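Take a look at the structure below.
Both ligands and their constituent atoms are indexed starting at 1 by order of listing. Fair warning: this is a prediction, and the values are worked out from it, not measured in the lab.
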Amino acid sequence: MGPFPTTRTSAPKQKPADDALAFGKVMTDHMFLMNYEEGKGWHNPRIEPYGPLSLDPATSVLHYGQAIFDGLKAFRGDDGQIRLFRADRHAERFNRSARIMCMPELPVDIIRASFDALVGLDADWVPRKPGTSLYLRPTIIATDVMLGVHPAHSLLYFLILSPVGSYYKEGVKPVRILASDTHVRAVRGGTGEAKTAANYAQSLAGQQDAARAGYTQVLYLDGVHRKYLDEVGTMNIMVRIGDEVITPPLAGTILDGVTRASALQLMRDWGLAVSERPITIDEVMEAGRRGTLREMWGTGTAAVVSPVGTLGYKGEDILINNGETGEITQRLYDAITGIQYGRTNDPHGWTSVVPVAA
Ligand SMILES: *Cc1c(COP(=O)(O)O)cnc(C)c1O
């Protein structure tokens with residue numbers, strides 16, 4: 001794959017200081033694009049200066065939301081090399097989202113080549129300050145121009161990049177989450193396993209309700225019984241009761257998180273008791289009351305791990321580990337970030353070094 005036809009920007013942007021970086025507010029100088037037409041397949045891969053897309057107002061994605069994305073990061077290591085974390089697994093998940101949303105898959109080697117080519121070209125945009133990274137946002141949208149509801153015959157793949165600040169500027173910090181008895185995220189047979197735009201649009205109301213009640217995130221329960229833990233916000237959830245770490249199984253409603261898979265692998269490497277099994281909110285609350293709920297945390301690319309200090313449900317608040325980051329949570333954070341920044345060895349070969357363009 002590659003090299004791809006490249007039009008370099010004639011007006012490079014001013015890069016923000018590493019200290020001023022937030023999440024997803026600034027984009028780099030270039031973007032990768034590729035088109036799909038039925039009968040022709042994926043074609044015309046190219047890199048262009050970053051800029052607006054021009055879309056007809058009748059473009060189907062704007063009406064029916066046939067859109068998928070993924071999110072992964074590139075890290076500048078202490079040795080100066082730029083590493084992607086589990087790019088293959090992200091590319092495979094992107095294709096799984098495509099299948100669920102009736103979109104044509106992209107060959108994994110083309111996805112990977114687009115990551116390497118764009119990050120390599122905009123390598124100077126990978127920030128240097130500890131904890132910072134470059135976020136990659138691959139996306140596919142349906143571009144048929146017509147108002148009938150149908151799987152698209154033409155689509156656009158694009159990849160954009162955004163330098164992001166450290167999620168934890170003052171160390172890993174626990175959050176307050178609310179188990180919702182009113183909002184659900186997904187049901188079996190729906191789109192919960194896909195990273196698709198609609199899932200995030202429909203999560204806004206629950207998130208807003210939780211924020212109004214004084215919590216940072218929503219813990220979603222399953223949509224049928226309203227009792228099994230599903231996910232927290234846009235993260236997978238893990239709880240430690242006694243010496244067992246429990247996370248809900250991949251059974252059709254939750255996203256197969258790359259951080260989730262990495263955390264499970266590491267904890268198994270460490271010899272911890274790890275179960276992927278259904279767990280009810282009542283079991284978690286009861287453990288909280290009895291004092292056996294030792295840790296609870298979310299996992300996701302943005303934060304790596306996000307410890308839960310307080311869990312609210314039906315008017316009751318449970319304080320977990322005195323509102324402090326637990327031992328396994330911290331150990332996972334240190335281990336995963338150590339691999340990402342090339343500070344420790346990478347026994348499972350999760351990182352890949354990006355070749356930097358001259
Ligand atoms: C992206 C996402 C996650 C986390 O996945 P990672 O691959 O670990 O970043 C979890 N749940 C939802 C709903 C997500 O969108």
- Purely on distance, is any nitrogen or oxygen of K195 under 3.5 Å from one on ligand 1? yes
- atom 3 (C) of ligand 1 has as its nearest protein heavy atom T234 O, 3.2 Å
- Task: Look up atom CZ in R76 and atom CG in D18, then write down how far apart they are to the nearest 0.5 Å.
- Result: 9.0 Å
- R93-ligand 1 polar pair, N/O distance under 3.5 Å: yes
- V258 and ligand 1 - part of the residue with a heavy-atom distance under 4.0 Å: both
- Message: Quick one about D317 and Y215 (side-chain donor to acceptor, distance below 3.5 Å, no hydrogens or angles considered), yes or no?
- Response: yes
- Min over F69, Y200, Y220 of heavy-atom distance to atom 15 (O) of ligand 1 lands on Y200
- Task: Taking only Lys NZ, Arg NE, NH1 and NH2, and the carboxylate oxygens of Asp or Glu, determine whether R99 and E193 approach each other closer than 4.0 Å.
- Result: no
- Message: Tell me the contacting part of E231 for ligand 1: side chain, backbone, both, or neither, using a 4.0 Å heavy-atom threshold, strictly below.
- Response: side chain
- Please confirm whether T301 comes within less than 3.5 Å of ligand 1 when only nitrogen or oxygen atoms on both sides are compared. yes
- When you check the gap from the basic side-chain N to the acidic O, do K227 and D282 get nearer than 4.0 Å? no
- Item | Residues that, via side-chain heavy atoms closer than 4.5 angstrom, fall in one hydrophobic cluster with Y135 | F23, V164
- Task: For E244 and S275, test the side chains for any donor-to-acceptor distance below 3.5 angstrom and give the result as yes or no.
- Result: yes
- Query: Counting heavy atoms only, which of M235, R260, R185 comes nearest to atom 13 (C) of ligand 1?
  - Reply: R185
- Note on the structure: Of all protein heavy atoms, the one nearest atom 8 (O) of ligand 1 is T259 OG1, 2.6 Å
- Find all atoms of ligand 1 within a distance of less than 4.0 Å from any non-hydrogen atom belonging to G257, and give their numbers and elements. 5 (O), 6 (P), 7 (O), 8 (O)
- Item | Side-chain donor-acceptor pair present, S114, Y157, cut-off under 3.5 Å | yes
- Y333-Y167 aromatic ring centre distance below 6.0 Å: no
- Message: Only heavy atoms of G300, strictly under 4.0 Å: list the atoms of ligand 1 that pass.
- Response: 4 (C), 8 (O), 9 (O)
